[in-house]
Amino acid sequence: MNYQETLTYLYEQLPAYQRVGKSAFKKDLTNIIKLCEILGHPQKQFKSIHIAGTNGKGSTAHMLASIFQTAGYTTGLYTSPHLIDFRERIKIDGEYIHKNSVISFVKKIQSAIDIIRPSFFEITVAMAFYAFAKQKVDIAIIETGLGGRLDSTNIITPLLSVITNIGLEHQEILGDTLAEIAFEKAGIIKPQIPVVIGAYTKETQPVFDTVAKERLSPIYYAQDQYKTIDIAIEDKLTQHSIRSLKDNSIISISCDLKATYQSKNIITVLASIQQINQYTTFKIHQKTISKALSNVIGQTHFWGRWQQIKDVPRVIVDCAHNADGIHEINHQLSVEQYQNLHIIYGCVSDKDLNTITSILPTKARYYITEPPLPRAKPFEDTRQAFIKNNLKVEFAAQDPKICLSMALKNADKDDLILITGSVFLIACFLEDLNVR
């Protein structure tokens, strides 16, 4: 098979969560363990940091990767899902793995695939571990897909575990309460391995404390160590002033991920590097952190987080896809300058639109669509939910590009057009506009 045929084989022959939903989620680690046994246990051949969380884990992972790259370490990065190119999932020093690596890997284990019948996600995890071991990376930053305890990535023993935050999402798989979801995410905490918690609530902290105590794992709460005291949005960077609560010093960070919500992720990253410096042989200096965070996009090719893709009128894409993400969007909008707000929205079938429509901005004109994938929520269902909650639906169409054309037609030069609701919706605009 050539590269395209290989991708078609992976997408069409194996169950993929983005296509079929929760039926693709395996409730044990048997398949990934079998695959890695066949490959010679690659997950044991490199050092790693493991990241879980409801929101922010992708940003946190890319920030950490940028830091280690800047420090001169060969750095693997595994994230999901991808936006445009499948190989976004597996990077080494910010570069996608080669197409030939994808082809040769699938060829190597195709007979095992036919017997084991793993999911698409399990194959990509095994591919990443194999690539990182083969390239002898100094460190790999590994992002979970869904949950933590039963996630295919959870066969590594990392130097550090990181849990960014907990929100209500994927309740049909992870549980109906914050405590239940926290328990699933806390499954990445390993015996005697330190864990950093980015944000906690009264419901989630006892869960983290209990699991860490049972596993004799040192636990650190980032929000108890650092506090953001000021954020200033500039042309190309956002300036974050962060106070260390340990010694009251001020840390100034310039970040090219421009959204103000990145400040929470920066705090998680600072706490994570602090523990890496304390518990491992890696030594990361503050100057390295500052330099790396000013060039996350350039070093890691990270897209889709409050990313401007057109200047006049401004068109911004953001991958916010749940209630917590929409809350962060609302805060960002409160510091933006614009005349009128136009929002293009589409989501997948499992989203709670009653909750989401209750917190979306009321002073906006909405253009309702659906992401281009089988698991998308039909745009007419979304439109009805928006109308029910008294949001002004200006236009609705199945094709996202038609919605963008209509929004551009209606918008004045000082207006803002925001595209949000799904990673897969954002992907089709980045691909269409040739944004890389």
Side-chain angles (χ1 to χ4, degrees), residues 1-39 42 78-91 96-131 143-147 150-153 170 172-173 303-304 319 321 346-351 369-379 398-401 421-432 436:
M1 295 184 290
N2 61 27
Y3 178 68
Q4 193 54 54
E5 289 168 341
T6 301
L7 288 188
T8 299
Y9 169 77
L10 291 175
Y11 283 127
E12 295 185 356
Q13 299 300 317
L14 306 176
Y17 184 82
Q18 69 185 70
R19 189 175 74 248
V20 300
K22 70 175 184 177
S23 62
F25 181 73
K26 304 294 181 65
K27 293 189 175 182
D28 62 65
L29 301 176
T30 302
N31 286 351
I32 188 64
I33 290 172
K34 287 181 178 178
L35 287 171
C36 286
E37 283 177 350
I38 292 168
L39 295 167
Y78 176 76
T79 59
S80 64
H82 63 273
L83 285 167
I84 301 169
D85 189 323
F86 166 82
R87 297 173 301 142
E88 294 170 35
R89 294 169 180 257
I90 307 169
K91 304 173 192 173
Y96 304 164
I97 62 167
H98 198 278
K99 290 180 180 179
N100 288 338
S101 297
V102 178
I103 296 169
S104 62
F105 177 83
V106 173
K107 182 179 180 180
K108 180 181 179 68
I109 65 166
Q110 190 169 355
S111 59
I113 292 175
D114 294 338
I115 296 170
I116 298 171
R117 302 307 299 170
S119 69
F120 174 83
F121 185 76
E122 288 167 330
I123 287 295
T124 64
V125 170
M127 188 186 299
F129 290 173
Y130 183 75
E143 177 194 6
T144 61
L146 195 161
L150 300 176
D151 190 81
S152 298
T153 62
H170 302 302
E172 74 281 7
I173 295 174
W303 312 116
C319 289
H321 58 278
C347 63
V348 294
S349 59
D350 63 353
K351 296 307 173 187
T369 187
E370 59 187 66
L373 77 162
R375 199 165 58 91
K377 185 178 285 292
F379 77 95
Q398 183 178 25
D399 188 341
K401 298 171 188 177
S422 168
V423 173
F424 307 106
L425 179 65
I426 301 311
C428 73
F429 285 104
L430 294 180
E431 187 170 34
D432 184 53
R436 295 292 190 273

Residue pair Glu88 / Thr79, side-chain heavy-atom distance below 4.5 Å: no
Backbone of Arg375 reached by a side-chain donor or acceptor of Ser349 within 3.5 Å: yes
Under 3.5 Å: donor-acceptor pair, side chain of Gln398, backbone of Phe379: no
Point-to-point distance, once rounded to the nearest 0.5 Å, from CZ of Phe424 to SG of Cys347: 12.0 Å
Gln110 side chain vs Lys107 backbone, donor-acceptor pair below 3.5 Å: no
Distance-only donor-acceptor check, side chains Tyr130 and Ser101, under 3.5 Å: no
Spacing of CD1 belonging to Ile32 relative to CD belonging to Glu122, to within rounding of 0.5 Å: 6.0 Å
Backbone N/O of Ile103 and side chain of Thr6: donor-acceptor pair under 3.5 Å: no
Closest contact, heavy atoms only, Ala427 versus Leu83: CB-O, 2.8 Å
Close side-chain approach of Phe86 and Leu10, heavy atoms under 4.5 Å: yes
Flag, side chain of Glu370 to backbone of Ala376, donor-acceptor distance under 3.5 Å: no
Nearest-0.5 Å distance, CZ of residue Phe121 to OG of residue Ser80: 4.5 Å
Donor-acceptor contact below 3.5 Å, side chain Asp151 vs main chain Thr144: no
Least distance between heavy atoms, Gly304 atom then Ile426 atom: CA-CG2, 4.2 Å
Gap between atom CG of Asn31 and atom CD1 of Ile113 - 0.5 Å precision: 11.0 Å
Residue pair Ile123 / Pro118: nearest heavy atoms and the distance that separates them: CD1-CG, 3.5 Å
Distance (rounded to the nearest 0.5 Å) between Leu39 CG and Phe105 CZ: 5.0 Å
Nearest non-hydrogen partners of Pro42 and Cys36, listed with the distance: CD-O, 3.5 Å
Side-chain heavy atoms of Val125 within contact of Leu35, under 4.5 Å: no
Thr8 side chain near Met1 side chain, heavy-atom distance below 4.5 Å: no
Test item: His82 and Arg87 side chains (from C-beta on) under 4.5 Å apart, heavy atoms: no
Lys/Arg-Asp/Glu bridge criterion (N-O < 4.0 Å) met for Asp399, Lys401: no
Heavy-atom closest pair, residues Trp303 and Leu430: CB-CD1, 4.0 Å
Separation of Ile97 CD1 from Ile90 CD1 (nearest 0.5 Å): 4.0 Å
Test side chain to side chain contact (heavy atoms under 4.5 Å, CB included) applied to Val348 and His321, step by step: CA-CA 9 Å; Val348 294; His321 58 278; over 6 Å; no
Minimum heavy-atom distance Glu143-Thr153, with the two atoms named: O-CG2, 3.7 Å
Main-chain N/O of Asn2 paired with Glu5 side-chain donor or acceptor, under 3.5 Å: yes
